[in-house]
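First comes the structure, then the notes that go with it.
Just so it is clear: chains get the letters A, B, ... in the order the sequence lines come, proteins before strands, and each one is counted from 1. All values below come from the heavy atoms of this structure, side chains included, with hydrogens, waters and symmetry mates left out.
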Amino acid sequence: MKMVVLASPVSTLQALSFSDSSPPYKLVHDHPSLTLLSNCKTLQTLKQIHSQIIKTGLHNTHFALSKLIEFCAVSPHGDLSYALSLFKTIRNPNHVIWNHMIRGLSSSESPFLALEYYVHMISSGTEPNEYTFPSIFKSCTKIRGAHEGKQVHAHVLKLGLEHNAFVHTSLINMYAQNGEFVNARLVFDKSSMRDAVSFTALITGYASKGFLDEARDLFDEIPVRDVVSWNAMISGYAQGGRVEEAMAFFEEMRRAKVTPNVSTMLSVLSACAQSGSSLQLGNWVRSWIEDRGLGSNLRLVNGLIDMYVKCGDLEEASNLFEKIQDKNVVSWNVMIGGSTHMSCYKEALGLFRLMMQSNIDPNDVTFLSILPACANLGALDLGKWIHAYVDKNMKSMKNTVALWTSLIDMYAKCGDLAVAKRIFDCMNTKSLATWNAMISGFAMHGHTDTALGLFSRMTSEGFVPDDITFVGVLTACKHAGLLSLGRRYFSSMIQDYKVSPKLPHYGCMIDLFGRAGLFDEAETLMKNMEMKPDGAIWCSLLGACRIHRRIELAESVATHLFELEPENPSAYVLLSNIYAGAGRWEDVAKIRTRLNDNRMKKVPGCSSIEVDSVVHEFLVGDKVHPQSNEIYKMLDEIDMRLEKAGFVPDTSEVLYDMDEEWKEGVLSHHSEKLAIAFGLISTKPGTTIRIMKNLRVCGNCHSATKLISKIFNREIIARDRNRFHHFKDGSCSCKDYW
DNA sequence: ATAGGGTTAG
């Protein structure tokens, strides 16, 4: 912005006397119309008072006008646009009027207007004073205008106002909040005024930018620590994710007998929420709130809801949520985000729908909370709607990079890789997360070369890959069975990038070793892992035993699985398949008996398909869908046409390869086939069918779907537990390797 | 007559 350079410090001071018609000062001050202002709550009342003031001639006094402007611009019941229009009618506004106006603008939604008025004030001949600058620096803080702030700083020096305590603190705050710590410290150190407030301004700057050690050092130096100083530290630790320290500081604050306030509690609740396991402290805060009659403070209630939801008590969160009369965007966001956080994706979608019905404008946080739910459920239509909304309302969104990244992730997980890539290519500014989303997107769709190519592009553009990047890279190798490449990435990850492998990284390597038949190497890696292998790793090893017909090894691997997850039937199913493959029918029968005797927690196979924005779900052999009759008729047609095309269902699989959908019987009624049948009858010929499945697709369904894509001339995109399959023209993108 | 430091959601 253009800044007017100030004339001489003691230039034209305007006469501040009241106009001739004004009554004596004391009378003006006591006038009943002005007393009324302090109780005024609505714009209408304000207008009445204003006309009263005009009738009595008081509007000719700067005093009355300044009171009116103050009320309209600064009071919470005021009206800034009324203040602006009133201000335009004032011929020679005095300092007080200018300052009220600027203060009102600085705390408004358009803080840059305060700077415009500041320039206007100077050019119209009124010199800013010590009351003006705090508001101006506040505006510079809000608009991140360190450059403008520096120019105004020069004005302060010219006018000799740098020793005023208020100007001093707001100046430090402006620099510190803009990350200009050198300048902030310069101002701070040059002054003899090392009072608690300016200390705190500096501390807050450091703490809010994550420089908690610097903040801590200063905090130890403050002569007197008040509640705001404590809050600055607690909030800094909470925002920096250092929740233990935030809570410890809170304890210390209580020991120091400093009375906490609402702000303190908001930070404490945030820390409790992030820890995910601090219900005790959270409940204590709740009683603190209720004891003080603050139960209807929306910020506090929202904080409580967030705390409950993240600590796993969705019920208590919902109770509080439903009791709120005037929910705001944060209330909803907290509930949606919490539901997504707890993997309650359908609830998240329901809450979002409720939010739209309640005419509450969603913001970037809303979308960042709801998009992962869309991605998980495969709710592509809602995802597309959000995409269009974001496009249209880009200007009001703050975290655009995160939003685009989340959209990439959603499109990739909903099966539309092309749109994901288009967004990626359009992004001028990318974050590490953006690259990660795109790399794992390509990886899960089996585009191994593209994923790996993107990885080298990202490093050559100066991005440093993290553990998530390598999950994507190693997954890409896993899906293509690229053992030696996988090995190279794995050791590069550890040696070049100092990323210590976690379970998913080990999982990819063990899967690669197992499928290659290198069981010794798999075993060595599993022994040397810092953590215990989880069920998924044992399962993938068991799967490898099946491919390589290693029956004895399979038995020992299965034993581990039985111990680790006694309620998980998949180990039994896999082992029985291995026995069946070797023709050991007696062992198969034994396993079946154990399966039936033990109480297994069956994970039902479930497939979903979205049609016209509605997600339809199908379980194995499901007959509850309202269009069940038509669906089963279509299933019959599919089977008939499959048979005609020469498809022979693998009867050994019918008997024994029930995979994770054990005991559910007839293969042709597997959930994915129901979903495909529904897709065929409810979407236009030739259009792509997208289905999502919670488990791995079984061998028989995989072969059937390949043929269905050819017979019905449909591209079928299926997401299973591990990856995407693109069925087209009789073949699948996974090349039967999955 | 007016003024400074803080505040939940990803």
Just to be sure I understand the rule, does [X] reach a base, reach only the sugar-phosphate, or reach nothing, if contact means heavy atoms closer than 4.0 Å?
{"X": "A:Lys398", "value": "nothing"}
{"X": "A:Asn297", "value": "nothing"}
{"X": "A:Asp364", "value": "nothing"}
{"X": "A:Gln274", "value": "nothing"}
{"X": "A:Val228", "value": "base"}
{"X": "A:Leu269", "value": "nothing"}
{"X": "A:Ser229", "value": "base"}
{"X": "A:Ser66", "value": "base"}

Exercise. Would you say the base of B:dG6 and the side-chain of A:Asn173 have a donor-acceptor pair closer than 3.5 Å?
Worked result: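 It does not, because no donor-acceptor pair links the side chain of A:Asn173 to the base of B:dG6 below 3.5 Å.
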For this session: Please state whether the base of B:dG5 and the side chain of A:Asn231 form at least one donor-acceptor pair under 3.5 Å?
Result: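 A donor-acceptor contact between them is absent.
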Below 4.0 angstrom from OP1 or OP2 of [N], is there any side-chain N or O of [X]?
{"X": "A:Thr200", "N": "B:dG6", "value": "no"}
{"X": "A:Gln239", "N": "B:dG6", "value": "no"}
{"X": "A:Gln177", "N": "B:dG6", "value": "yes"}

Among [options], the one nearest [X] by side-chain distance:
{"X": "A:Ser235", "options": "B:dT7, B:dT2, B:dG6", "answer": "B:dT7"}
{"X": "A:Arg299", "options": "B:dA9, B:dT8, B:dG6", "answer": "B:dT8"}
{"X": "A:Asn302", "options": "B:dT8, B:dG6, B:dA9", "answer": "B:dT8"}
{"X": "A:Val330", "options": "B:dA1, B:dT2, B:dT8", "answer": "B:dT8"}
{"X": "A:Ala201", "options": "B:dG5, B:dT8, B:dG4", "answer": "B:dG5"}
{"X": "A:Pro134", "options": "B:dG4, B:dA9, B:dG6", "answer": "B:dG4"}
{"X": "A:Val262", "options": "B:dG4, B:dA9, B:dT7", "answer": "B:dT7"}

For this session: Scan residues 216-247 of chain A for pairs that pass ring-ring contact (aromatic ring centres under 6.0 Å, His included), counting only residues two or more places apart or in two chains.
Result: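 Passing the test, one end in residues 216-247 of chain A: A:Phe219-A:Trp230, A:Phe219-A:Phe249, A:Trp230-A:Phe249, A:Tyr237-A:Phe249.
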Exercise. Within a strict 4.5 Å, meaning less than it, do heavy atoms of the A:Val330 and A:Asp306 side chains meet?
Worked result: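 Of all side-chain heavy-atom pairs linking A:Asp306 with A:Val330, none is under 4.5 Å.
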For this session: Side-chain contact test, heavy atoms from C-beta onward, threshold under 4.5 Å: evaluate it for A:Gln177 versus A:Ser208 and give yes or no.
Result: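 Sidechains of A:Ser208 and A:Gln177: in contact.
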Problem set entry | Close residues, residues 162-170 of chain A, relative to DNA chain B [heavy-atom separation under 4.0 Å] |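 Correct list: A:Asn164, A:Ala165, A:Phe166, A:Thr169.
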Problem set entry | Partners passing ring-ring contact (aromatic ring centres under 6.0 Å, His included) against A:Phe321 (at least two apart in sequence or in another chain) |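 A:Trp332.
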Problem set entry | ring-ring contact (aromatic ring centres under 6.0 Å, His included) against A:Trp98, all qualifying residues, sequence neighbours excluded |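 For A:Trp98, the residues satisfying ring-ring contact (aromatic ring centres under 6.0 Å, His included) (neighbours in sequence not counted) are A:Phe87, A:His120.
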Please state how far atom [atom1] in [X] lies from atom [atom2] in [N], giving the value in whole angstrom units.
{"X": "A:Tyr308", "N": "B:dT8", "atom1": "OH", "atom2": "P", "result": "19 Å"}
{"X": "A:Phe63", "N": "B:dT2", "atom1": "CZ", "atom2": "C1'", "result": "11 Å"}
{"X": "A:Met335", "N": "B:dA9", "atom1": "CE", "atom2": "P", "result": "16 Å"}
{"X": "A:Ile203", "N": "B:dG6", "atom1": "CD1", "atom2": "P", "result": "12 Å"}
{"X": "A:Tyr206", "N": "B:dG6", "atom1": "OH", "atom2": "P", "result": "16 Å"}
{"X": "A:Leu371", "N": "B:dA9", "atom1": "CG", "atom2": "P", "result": "19 Å"}
{"X": "A:Lys142", "N": "B:dG6", "atom1": "NZ", "atom2": "P", "result": "11 Å"}
{"X": "A:Met193", "N": "B:dG5", "atom1": "CE", "atom2": "C1'", "result": "14 Å"}

Exercise. Hey, does the side chain of A:Arg254 reach the backbone of A:Phe250 with a donor-acceptor pair shorter than 3.5 angstrom?
Worked result: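 No: the side chain of A:Arg254 does not pair with the backbone of A:Phe250.
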Exercise. Excluding sequence neighbours, so at least two apart, what forms side-chain contact (heavy atoms from CB on, under 4.5 Å) with A:Asn183?
Worked result: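 Applying side-chain contact (heavy atoms from CB on, under 4.5 Å) to A:Asn183 gives A:Lys150, A:Tyr175, A:Glu180, A:Leu186.
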For this session: Applying side-chain contact (heavy atoms from CB on, under 4.5 Å), name anything that partners A:Thr434, two or more places apart in sequence or on another chain.
Result: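 With sequence neighbours excluded, A:Thr434 shows a side-chain contact (heavy atoms from CB on, under 4.5 Å) to A:Val401, A:Thr405, A:Ile408, A:Phe424, A:Met427, A:Lys430, A:Ser431, given in chain and number order.
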For this session: Report the residue from A:Met193, A:Met174, A:His168, A:Glu162 that forms a side chain to side chain contact (heavy atoms under 4.5 Å, CB included) with A:Val187.
Result: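 Going through A:Met193, A:Met174, A:His168, A:Glu162 one by one, the side chain to side chain contact (heavy atoms under 4.5 Å, CB included) with A:Val187 is satisfied by A:His168 alone.
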